[in-house]
Amino acid sequence: MTTELLFRADPYLRTADARVVAVHEHGIELERTIFYPTGGGQQGDTGVLVRPNGERIAIVDTRKGATLDSVLHIATPATAQPAIGETLTLEIDWPRRYALMRLHTALHVMSCVVVAPVTGGNIAPTKARLDFDIDMSLLDAARIEHETNALIARGVETETVWISDEELDARPELVKTMSVQPPRGGGRVRLLSIPGIDLQPCGGTHVRNIAEIGTIRVLRIRSEGKRNRRVEIALSDHPPP
Ligand SMILES: [Zn+2]
């Protein structure tokens, strides 16, 4: 079942109401949601669904369902199940999601400092990484940190841009990620634009202005194989434990 993805238009929504359309062993499906399902390297949201009677259903993960734009809200096994047709109040763990948004947008910026094909990536609440197909000798932590923070300091507003599948096929240079296919569907592709810095297909959640990232730190650079040189970063004000 298709779920309306409210975070696409407004990633800053922390709460919303939505009707339950399906409950099964894989999760709870809603008519619309603010919960981002794991995808594009970004972890799925956690939070709570509040029933009309006040009962709180803890959501420990959010994943994509079997069909396009269907979203599965995964509750802890012991929790109560909502009834189909019931209207729930959705609340995401906002501090966690905001950290994911800041780190995710930071990776877009960093991918313009390290100019090489991206072979992998992951965004967790306390750290994020990109893997590059590049020689280790070209990766310098201090330079990456300095140049990424200098770009962030420009304080540019981000924009969502949609293009057709055909336009994307005609501009293969837009796709830096070799491991993650651009989010296609309905004949159009969503791009994140950071004017003057980056433009690439992405279905994730980003901050409105890159200044919200603050500054980043490079935690480590290591080789994970010939084509996977991993650069791991954290937010300066939100370092990993
Ligand atoms: Zn993105």
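We use all heavy atoms of the structure for the numbers below, so side chains are in, but hydrogens, waters and symmetry mates are not.
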Asks: Tell me if a side-chain donor or acceptor on Arg229 pairs with a main-chain N or O of Ile134 at a distance below 3.5 Å.
Replies: yes
Asks: Should Thr3 and Asp69 count as side-chain neighbours, where that means a heavy-atom distance under 4.5 Å?
Replies: no
Asks: Transitively linked via ILVMFWY side-chain contacts under 4.5 Å: Leu100 with Leu6?
Replies: yes
Asks: Return yes if some donor-acceptor pair links the side-chain N/O of Ser193 with the main-chain N/O of Val161 below 3.5 Å, else return no.
Replies: no
Asks: Side-chain heavy atoms under 4.5 angstrom apart, residues restricted to Ile, Leu, Val, Met, Phe, Trp, Tyr: same cluster for Val23 and Ile59?
Replies: yes
Asks: Can you measure from CG (Asp10) to CD1 (Ile34) and round to the nearest 0.5 angstrom?
Replies: 10.0 Å
Asks: Considering non-hydrogen atoms only, spot the tightest contact between Pro37 and Lys64 and give its length.
Replies: CB-N, 3.6 Å
Asks: Is it the case that one hydrophobic cluster holds both Leu88 and Leu13, taking links as side-chain heavy atoms less than 4.5 Å apart, direct or via other members?
Replies: yes
Asks: Dump the intermediate steps for side-chain hydrogen bond (donor to acceptor under 3.5 Å, both in side chains) on Ser70 and Glu29, then the final yes or no.
Replies: CA-CA 8 Å; Ser70 74; Glu29 295 190 49; 4.8 Å; no
Asks: Can you find a heavy atom in the side chain of Leu174 that is under 4.5 Å from one in the side chain of Gln200?
Replies: no
Asks: Check Pro201 against Val189 and note the closest heavy-atom contact, atom names and distance.
Replies: CB-CG1, 4.0 Å
Asks: Show your working on side-chain contact (heavy atoms from CB on, under 4.5 Å) between Phe132 and Val118 and close with a plain yes or no.
Replies: CA-CA 5 Å; Phe132 298 96; Val118 175; 3.9 Å; yes
Asks: With side chain to side chain contact (heavy atoms under 4.5 Å, CB included) as the test, pick out the partner of Ile221 among Glu232, Met136, Arg129.
Replies: Met136
Asks: Using modelled atom types and a 3.5 Å cut-off, is there a donor and acceptor pairing between side-chain atoms of Thr119 and backbone atoms of Arg227?
Replies: yes
Asks: Looking at Arg32, is its backbone amide N or carbonyl O close enough to the side chain of Arg19 to form a donor-acceptor pair, meaning the two atoms are under 3.5 Å apart?
Replies: no
Asks: Any side-chain to backbone donor/acceptor pair from Arg154 onto Ile210? Under 3.5 Å, distance only.
Replies: no
Asks: I'd like to know if the side chain of Thr79 reaches the main chain of Ile57, judged simply by a donor and an acceptor atom lying under 3.5 Å from each other, with no hydrogens or angles considered.
Replies: no
Asks: Where do Val20 and Pro82 come nearest, in terms of heavy atoms and distance?
Replies: CG2-CB, 4.0 Å
Asks: Could you walk me through whether Asp198 and Val109 pass the side-chain contact (heavy atoms from CB on, under 4.5 Å) check?
Replies: CA-CA 7 Å; Asp198 188 36; Val109 177; over 6 Å; no
Asks: Do you know the tightest heavy-atom contact between His108 and Cys202?
Replies: NE2-SG, 3.6 Å
Asks: Which one of Thr62, Thr33, Thr46 satisfies the side chain to side chain donor-acceptor pair (under 3.5 Å) criterion with His73?
Replies: Thr33
Asks: Between Arg190 and Arg8 (side chain of the first, backbone of the second, donor and acceptor by atom type, cut-off under 3.5 Å), is there such a pair?
Replies: yes
Asks: Could you give the distance from OG1 (Thr126) to CG (Leu235), rounded to the nearest 0.5 Å?
Replies: 9.5 Å
Asks: For the CZ atom on Arg171, are there more than 12 heavy atoms of other groups (residues, nucleotides or ligands in this structure) within a distance under 6.0 Å?
Replies: no
Asks: How far apart are the closest heavy atoms of Ala80 and Arg51, and which atoms are they?
Replies: CB-NH1, 4.3 Å
Asks: To the nearest 0.5 angstrom, please state how far the CG atom of Leu72 sits from the CG atom of Leu30.
Replies: 10.0 Å
Asks: Can Ile233 and Glu145 be said to form a side-chain contact (heavy atoms from CB on, under 4.5 Å), step by step?
Replies: CA-CA 9 Å; Ile233 63 166; Glu145 194 171 286; over 6 Å; no
Asks: Could you tell me if the side chain of Pro52 sits less than 4.5 Å from the side chain of Thr87, heavy atoms only?
Replies: no
Asks: Check the orientation of Trp94 and Tyr12. Use parallel for under 30°, tilted for 30 to 60°, and perpendicular for over 60°.
Replies: tilted
Asks: For the hydrophobic clusters of this structure (ILVMFWY residues joined by side-chain heavy atoms under 4.5 Å, transitively), does one cluster hold both Ile197 and Ile144?
Replies: yes
Asks: Can you tell if the side chain of Phe35 reaches within under 4.5 Å of the side chain of Leu49, non-hydrogen atoms only?
Replies: yes
Asks: Is any side-chain heavy atom of Asp93 less than 4.5 Å from a side-chain heavy atom of Asp45?
Replies: no
Asks: Considering non-hydrogen atoms only, spot the tightest contact between Asn209 and Ala211 and give its length.
Replies: OD1-N, 2.8 Å
Asks: Heavy atoms, side chains only, cut-off 4.5 Å: are Arg63 and His26 in contact?
Replies: no
Asks: Check step by step if side-chain contact (heavy atoms from CB on, under 4.5 Å) holds for Ile216 and Asn149.
Replies: CA-CA 7 Å; Ile216 60 107; Asn149 287 331; 3.4 Å; yes
Asks: With the side chain counted from C-beta on, respond yes when Thr38 and Asp61 share a heavy-atom pair under 4.5 Å apart, and no when they do not.
Replies: yes
Asks: So, the side chain of Thr158 versus the backbone of Arg208: is there a donor-acceptor pair under 3.5 Å, distance only?
Replies: yes
Asks: Answer yes or no: is there a side-chain heavy-atom contact under 4.5 Å between Arg56 and Glu91?
Replies: yes
Asks: Distance from Leu5 atom CG to Thr205 atom OG1, nearest 0.5 Å?
Replies: 12.0 Å
Asks: Nearest 0.5 angstrom please: Glu212 CD to Ile152 CD1, how far?
Replies: 12.0 Å
Asks: Testing Arg102, Gln42, His104 for side chain to side chain donor-acceptor pair (under 3.5 Å) with His206, which one passes?
Replies: His104
Asks: NZ/Lys127 to CG/Leu219 distance, rounded to the nearest 0.5 angstrom?
Replies: 7.5 Å
Asks: Is there a path of hydrophobic side-chain contacts, each under 4.5 Å between heavy atoms of I, L, V, M, F, W or Y residues, that connects Leu107 with Val231?
Replies: yes
